[in-house]
Amino acid sequence: MAERTPLLHYRLSTSVNESEPRCSPAGQALDQHPGSPRQRSVQQQPQPQRPKKLSTFFGVVIPTLLSMFSVVVFLRIGFVVGQSGLYQAIAMFLVAYLIISMTVLSVCAISTNGALDAGGAYYMISRALGPEFGGSIGIMFFLANVCGCALFVLGLVEAVVDTFGVPPDGTPAISHSQVLPSGYWWSLLYATVIGLLCLLVCLVGAHIYAKTTFIIFLVVIFVLLTIFISFFAVKPRVVSLPSAANSNSNGTGPVTVTYLLLSFPTADYTVDYTTGTMMTFATVFAVMFNGCTGIMAGSNMSGDLKNPSYSIPRGTITAVIFTFITYNLLCVLVACSCDRVLLQRDYSFLRDINVWNPFVTIGVYSSTLSAAMSNLIGASRILYALARDDLFGKVLSPAKKTSRSGNPWVSVLISWFLMQLVLFSGKLNTIASIVTIFFLLVYAAVDLACLALEWASAPNFRPTFRYFTWHTCILGIVGCAIMMFLINAIYASASIAFMLLLLLLIHYLSPTSSWGYISQALIFHQVRKYLLMLDVRKDHVKFWRPQVLLMVSNPRSSVGLITFINDIKKSGLYVLAHVQLGDLHKLPSDPLQSQYDSWLSLVDHLNIKAFVNLTLADSVRHGVQHLLFISGLGGMRPNTLVLGFYDDCLPRDKLTDQSLSTSQPTDTLDPSQDIEQQPPLFHFSPLRGSSDRQDYGEFGDGKVLGAQEYVAIIADAMKMLKNVVLARYFNNFDRAQVLSPPSTSPGMGAVYVDVWPVNLFRPDSSSYVDTCSLFLLQLACILNMVRAWRKATLRLFLCVEEGRSVRGSQEKLGQLLKELRIKAQVYPVPWDQQVAFPSNATRLSDDYLSAVNKLILDQALPPPAVRFLYLPRPPADTRRYASYLSQLELLTEDLGPTLLIHGVTPVITTDL
């Protein structure tokens, strides 16, 4: 007799009536995924709901049983028992079924939480974990089904050649029916013919297979009954071993089948006579585990079930229990009735001891052919689902094509072509391990999806099947991972690496999906937990960091300031805030909701780490108060308010300048182009000078915000114990240009940050150790700690008067900087001429401010990238607000990018 090779079983992933659209319980067609153009057309023209027609038995139990049984029950049950012994064989089934039982619980939980579409495990994983995980697992699941189809075809060919083939080694035929030529190319020809037969059935439609599943099921069950009867009805007989078994073993001759009453309960691993390789626990388990796959066959048919939430858990669990009992009974009966040599050297012994030999042959042929067709159908449906989701762009776009009846014929052809390539391997064991590992990886991903949904605690995850916990999910994941590496560590590592490669590819190439991302739910769950643990009462100055609320009136003129403030947040909270004037009572709806997308697109475009907070108020002052009160959560609340300076500088639309390379003008967009394919646009108001519309811009663009109100905002923030920063001349700030200055002369290529940590409004005071001065030094140091600014040099200017020891003051300040671990160059600056101008603490002359402004400009060689100046408190008398603002304007005139900073809380310490 011809050589026999272990036959492996793989999961059924077909669905009945693919030509008909899948329907949810609400009657919505689910063939088109959310967000796709076809779905929108379906929603506009609702398809009539077709009643589901499959019950639990016909829709779940039969497909799952056929998928799990296949030829393993006929040709490899003896192989498992003969190699591993009864005890280890039962242990193998217990371990295998423990793993798949954990996955079954996860499948039941996910399937009862909503309607499933075509794609099986891919659909469940992608909708739970997102397109990256779903797409990568989907590709691997598709390849596993393709290889599984090839394995079943090769198994059927070997079964046919074993029965009807001429022995290839010249051994005389022992039966008149052995007339088929044998050999590699002949076997490939037979496999191709069988593959074409499967292709023909799949091209016509899966409904043909659906109509024959019940007949095939009856045949398989009948053959199983004859096997059980044969153990008791057939008398002991002599069985001749295959010629291949005799040639690859030390002994020859027939073997007697009798009742041996558990003569070999322990393991005795020998050489597999079909491959010549030594068997181990792992290799035998790899073969055996394929009889445990196919647990998702019923889940794939949810669209054709009368009640999916009822049928999937009950039908799947029923099939799993039935197959588990059947396999273990066969193990016991085989171990009690057959000689170990027979089991190790004749994998088709069940045929030889059956009441009528052709019964087992019919069972093998029918189950193998049905499994091959179901794997081909399943692979094509997974490929069709992947193509329909556009995860790989145009690469899989041809697979979207369907016939008039809805059959994805291109996907069927692609799957058949890949299956045909696998047939060239010629041997089942060549790819058996990798396919088993692929299935284990898919099972682990399903468990991970259920675990993530459970841990996220999302209110909408409420499956009607509740017999699972996060413990069962973890147990399933760990079990699958252990078995993957036990079967073949190299293949397992390669499969995980391949999955991660696909995951990264999809992450960077696929469009944003509308399925929802479980990562967002998990992040929310964890962030909420840690925010509750962030106790403001435990705050300490050692761990202070800036948490910035940047007020932006129009992002078009604030790009430079937004990117600069992103550099000084030091991993702290950063909020972009905007106040829109209006009264919600007089408006039909909230006008801010439609603006959030533009602001979030701005954050992505500028590549900054910031939140967005918009508010509607009757005045800018009230809006800023609202934002200071309510922005943040728990211990993450803004402690620093940043405002653009109030002046009359004409703003420049820097956002348009940055977007020219990626965005098209509005008037050049094609109206017929799908909105998802158009370049991102920022729907912000035009700036002053670009249209007739007037906005307050950088807190000075137009007359919406007056000087009095602007200073009042500063005073309000200080009353609320918020640090205040005023930013001037950042309209034209270009971070890249500032950090890469032209080096036309010596010293001009360096980057400098100038710090003036003295209250220039108080010429009678030159203290450098008050809270505000230390806060100013802290922000300058933080900027210098950012990677892009590390090459910048801090220049700290020490204002001294005649009669004071310059050296002593410089050493004192240098010692302070050393204690604060701040690296800076100290420059003494005499300012006797400036102090000589008649001024006092309540009235500063314009001549004094102009002189101080000139003093600052004279020290700027080479000019700094940015200046840090001390911001005095606003006067207590509100009538002097306008004078205070004009003094600030005069002090900072023509200084370039400048920050006026006032700190109200200690932020720096010398303690460890």
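When a residue number appears, it is its place in the shown sequence, counting from 1.
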Engineer: Go through the steps for Ser380 and Ser411 under the test side chain to side chain donor-acceptor pair (under 3.5 Å), then give the verdict.
Structural biologist: CA-CA 5 Å; Ser380 65; Ser411 296; over 6 Å; no
Engineer: Just so I know, are the side chains of Ile496 and Met484 near enough to count as touching, which here means a heavy-atom distance under 4.5 Å?
Structural biologist: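 Yes - at least one pair of side-chain heavy atoms lies under 4.5 Å apart.
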Engineer: Tell me whether the rings of Phe93 and Tyr327 are parallel (<30°), tilted (30 to 60°) or perpendicular (>60°).
Structural biologist: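 Rings of Phe93 and Tyr327: parallel, as their planes differ by under 30°.
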Engineer: With Met419, which of Val146, Asn145, Ile414 fulfils side-chain contact (heavy atoms from CB on, under 4.5 Å)?
Structural biologist: Val146
Engineer: Is the distance from the ring center of Phe57 to that of Phe217 below 6.0 Å?
Structural biologist: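 Yes, they do, as the ring centres are separated by less than 6.0 Å.
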Engineer: Show your reasoning for whether side chain to side chain donor-acceptor pair (under 3.5 Å) applies to Tyr97 and Thr323.
Structural biologist: CA-CA 10 Å; Tyr97 271 82; Thr323 55; 2.8 Å; yes
Engineer: Parallel, tilted or perpendicular: which describes the rings of Phe498 and Phe438, with under 30° parallel and over 60° perpendicular?
Structural biologist: parallel
Engineer: State, to 0.1 Å, how close Thr56 and Ser311 come at their nearest heavy-atom pair, and which atoms those are.
Structural biologist: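 For Thr56 and Ser311, the tightest heavy-atom pair comes out as OG1-OG, 2.9 Å.
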Engineer: Taking atom CZ as the centre, does Phe281 end up with more than 12 heavy-atom neighbours from other residues, nucleotides or ligands that are less than 6.0 angstrom away?
Structural biologist: yes
Engineer: Give the minimum heavy-atom separation between Ser366 and Val220, together with the two atoms involved.
Structural biologist: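 So the minimum-distance heavy-atom pair works out to OG-CG2, 4.4 Å.
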Engineer: Could you check whether any side-chain heavy atom of Pro463 comes within less than 4.5 Å of a side-chain heavy atom of Ile110, counting everything from C-beta outward?
Structural biologist: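 Result no, sub-4.5 Å side-chain heavy-atom pair not found.
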Engineer: Indicate yes or no: at least one non-hydrogen side-chain atom of Cys450 is less than 4.5 angstrom from one of Cys473.
Structural biologist: yes
Engineer: Look up atom CE in Met373 and atom SG in Cys198, then write down how far apart they are to the nearest 0.5 Å.
Structural biologist: 6.0 Å
Engineer: Is it the case that over 12 heavy atoms from other parts of the model lie below 6.0 angstrom from the OH atom of Tyr310?
Structural biologist: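 Atom OH in Tyr310 is not crowded, with 12 or fewer foreign heavy atoms closer than 6.0 Å.
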Engineer: Looking only at heavy atoms, which two atoms of Cys480 and Asp447 are closest? And how far apart?
Structural biologist: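 Scanning both residues completely, I find the closest heavy atoms to be SG-OD2, 4.5 Å.
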Engineer: Give me the ring orientation class for Tyr467 and Phe465: parallel if the planes are under 30° apart, tilted from 30 to 60°, perpendicular past 60°.
Structural biologist: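 The rings of Tyr467 and Phe465 stand perpendicular, inter-plane angle above 60°.
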Engineer: Any heavy-atom pair between the side chains of Leu486 and Phe285 that's under 4.5 Å?
Structural biologist: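 Of all side-chain heavy-atom pairs linking Leu486 with Phe285, none is under 4.5 Å.
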Engineer: Quick check against the 3.5 Å criterion: does Thr472 have a side-chain atom that pairs as donor or acceptor with the backbone of Phe468?
Structural biologist: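 No; zero donor-acceptor contacts below 3.5 Å.
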Engineer: Do Leu386 and Ile382 have side chains that approach each other closer than 4.5 Å (heavy atoms only, starting at C-beta)?
Structural biologist: yes
